[in-house]
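Report on one structure; see the data block that follows.
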Amino acid sequence: MRFVDEYRDAESIKRVLQQIDEITTGDWNIMEICGGQTHAFLRYGIDELLPDNITLLHGPGCPVCVTPLEKIDKAIFLASQKNIIFCSFGDMMRVPGSHEDLLTVKARGGDVRIVYSPMDALTIARQHPDKEVVFFAIGFETTAPAHAMVVLKAKTEFAKNRANFSLLCSQVLVPPAIMAILDAPTNRVNGFLAAGHVCSVMGYHEYIPIAEQYKIPIVVTGFEPLDLLLGLFACVSQLEKGQFNVENSYPRSVTLRGNIPAQETMKKVFHIVDRQWRGIGVIPRSGLALQDEFAEFDAEKKFDLHDISVQEPRDCISGLILQGVKKPGDCPHFGVACTPEHPKGATMVSSEGACAAYYQYKK
Amino acid sequence: MDGEFKLQCPIPLNDYPHITMAHGGGGKLSHQLIADMFRPLFANDFIQAEHDGVLLPIDGAKMAFTTDSHVIQPLFYPGGDIGSLAVYGTVNDLSMCGARPLYLSLSFIIEEGLPMQTLWRIVQSIKLAADRTGVQIVTGDTKVVHRTNGADLFINTAGIGSLEHSLIIQPASIEVGDVIILNGDLGRHGIAVMAYREGLEFESQIESDCAPLNDIVQSLLNAKIPIHCMRDLTRGGLVSALVEISQKAGKRFEINESTIPIREDVRGACEILGFDPLFVANEGKFITFVPPAFTEKTLDSMRQHPLGRDAVVIGTVRPGEPRVLATNSFGGSRILFMFSGEQLPRIC
């Protein structure tokens, strides 16, 4: 398969592994931002093929993991209502709220549907004018443009009639999370692999001031084994030379400025707000919310959800894992009281979470 | 008598107060139901074998017995339909015990409103599948229930087959050194059904691999291959089958991922959906455990059959803890575990 096989080629991978081995002298903690990258590192066993003095830290880039408990409880409340069809991406279905998950709501008779695109949810709204359709809009900058598109489309469609379509919004942004990690006194990250998908949309210009301010190399990295190793090689090279630049190791998809029409669509519909991250807390200016002009599509305004407010469980170290301070194995609950079936917190809830990935591939 | 039924439910209520779809997904929760609730309560020598079917001694002869329910949506999909699937599913389970499938029962649960023409198409498909596999439908039942979501239909089949050899084909017969052979490419059934159900369009239509395995198994038995174990790869795919057998056999399996055949179109669909093809359902694929000395003979014998042309060795049985280790082309490795339920399409 083109664009996949080349990046899983055994000979190329072995060669880059060898090169990383040759240049590495220092002890380096390198954080991959995206859950998809964490997943790929472990799925292909790459972490075990690296020199011992490179430690991979697994970042907060899993949208499912970081969606706060409160939003999930709101989703579960909405999905339980008789007049609501609740639409979600598949991987939110098993994420537990305070008491249950969306699959359980479905088992109790709730109309919960897995969609592949927010446009599918709008189609469902069109087919069921007597019902309210709510789409669970979670994700990073990668999915936000598609959410913005559907809102613009809905705005046109429902220009005359009351809309029966709304979004439960919980989108988050990467650069503020990187800065929160670097600002923490416990920070031990020496270099970042930035998330290729996010940068495909946003470009990588936003990372240049961060690299300069914190004197830390940031390498835009893809998701296939060879992509990951090329990103690591670039990051280690910079660290060994004492450099701290933003470098693009994923040029087949990412440019400096990114996808400008997508960014403009986002800006039309959303504005930046402070956002709670599950396991971490509130990060200033790290989330997206609908602008007032689109308030009719905001499920939190449309339905009475004010009474739903919850505290995160205390005996979970996922916040420290998402910031690279601890690894899954450091937690006494890992694999014992905390499993993918009964997760205690953020990093075990999604298949892309660091704890879930360790559980699935290593245990 | 009634004292027996005061036992506490073995699935803690606060874990799962209700059955969810994941309990039927062929992954960890399905196995938990069987291992914690069903098997201990009905405990007997036969149910402990944990195989696709059971071997029963009847009047000195050994018979294989199994049952399978089919709830697939849609009823018709590229490459098959619920009727042929209901026959092949049970025929394949019997075949995996090394039995020659003989007689099947056929029970329908039908929702009111199902078009008669739809039922007729399905019954005809059952007839064709039965003829193809040489089994006879000898008894059955029909129930009609109130309509729920749409006019739907479910089928249960049970089957018996005869054992005409002295092999004991089951996980406990597996020995260290055995090779694990797969009869062809993975993932076609699961992807075909899902793509069709969800209206996903790919460049070429992927068809289900749904097929009866009795004939290819018979050819292995005729070739006098001392089969230790077989398993067809249905829900939960290759991984669920391997993990389950490894645990039952108490042995470690090492799989070489790069040897596993997966068609380009299936790989592409899996990439898009974020699925791992090793977990995707199949309906005409099985793994066979044979002693290493019989590797070539098994491969030759399989490759002469249309359902085994792409047969390949995918791994070996090793001493050590019961787990399944997959190694890739550049030496990276991972341990394979069952999923909790079905794979769900991912956000990114």
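In the text below, chain A, chain B and the rest are named by the order of the sequence lines, each starting its count at 1.
- The structure places CZ of Arg267(B) at 4.5 Å from CG of Asp5(A), a figure rounded to the nearest 0.5 Å.
- Only the side chain of Arg108(A) comes within contact range of chain B, judged by heavy atoms closer than 4.5 Å.
- Counting non-hydrogen atoms of neighbouring residues, nucleotides and ligands closer than 6.0 angstrom, the CD atom of Gln127(A) exceeds 12 such neighbours.
- Here the closest non-hydrogen pair linking Ala107(A) and Ile19(B) is CB-O, 3.2 Å.
- With a 6.0 Å radius and a threshold of 12 heavy atoms from other residues, nucleotides or ligands, Met266(A) has its CE atom above the threshold.
- In Tyr77(B), the OH atom is crowded: over 12 heavy atoms of neighbouring residues, nucleotides or ligands sit closer than 6.0 Å.
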(request) Give the C-alpha distance, both sets of side-chain angles, the deciding distance and a yes or no for side chain to side chain contact (heavy atoms under 4.5 Å, CB included) between Gln360(A) and Asp276(B). (result) CA-CA 13 Å; Gln360(A) 189 177 341; Asp276(B) 186 334; 5.7 Å; no
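- Here the CG atom belonging to Asn328(B) is positioned 7.5 Å from the CD1 atom belonging to Ile13(A), to the nearest 0.5 angstrom.
- To the nearest 0.5 Å, atoms CE (Met1(A)) and CD (Glu271(B)) are separated by 5.0 Å.
- The structure places NE2 of His23(B) at 10.5 Å from CG of Leu103(A), a figure rounded to the nearest 0.5 Å.
- In this structure, Leu325(B) places its CG atom where more than 12 heavy-atom neighbours from other residues, nucleotides or ligands lie under 6.0 Å away.
- Side chains of Tyr44(A) and Phe330(B) form a contact here, defined as non-hydrogen atoms less than 4.5 Å apart.
- Heavy-atom contacts from other residues, nucleotides or ligands closer than 6.0 Å to NZ of Lys251(B) number more than 12.
- The shortest distance between side-chain heavy atoms of Thr20(B) and Glu100(A) does not fall below 4.5 Å.
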(request) Tell me, with the steps shown, if Ser329(B) and Arg8(A) meet side chain to side chain contact (heavy atoms under 4.5 Å, CB included). (result) CA-CA 9 Å; Ser329(B) 61; Arg8(A) 293 180 190 170; over 6 Å; no
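- Closest of all the heavy-atom pairs between Arg334(B) and Leu42(A) is CB-O, 4.1 Å.
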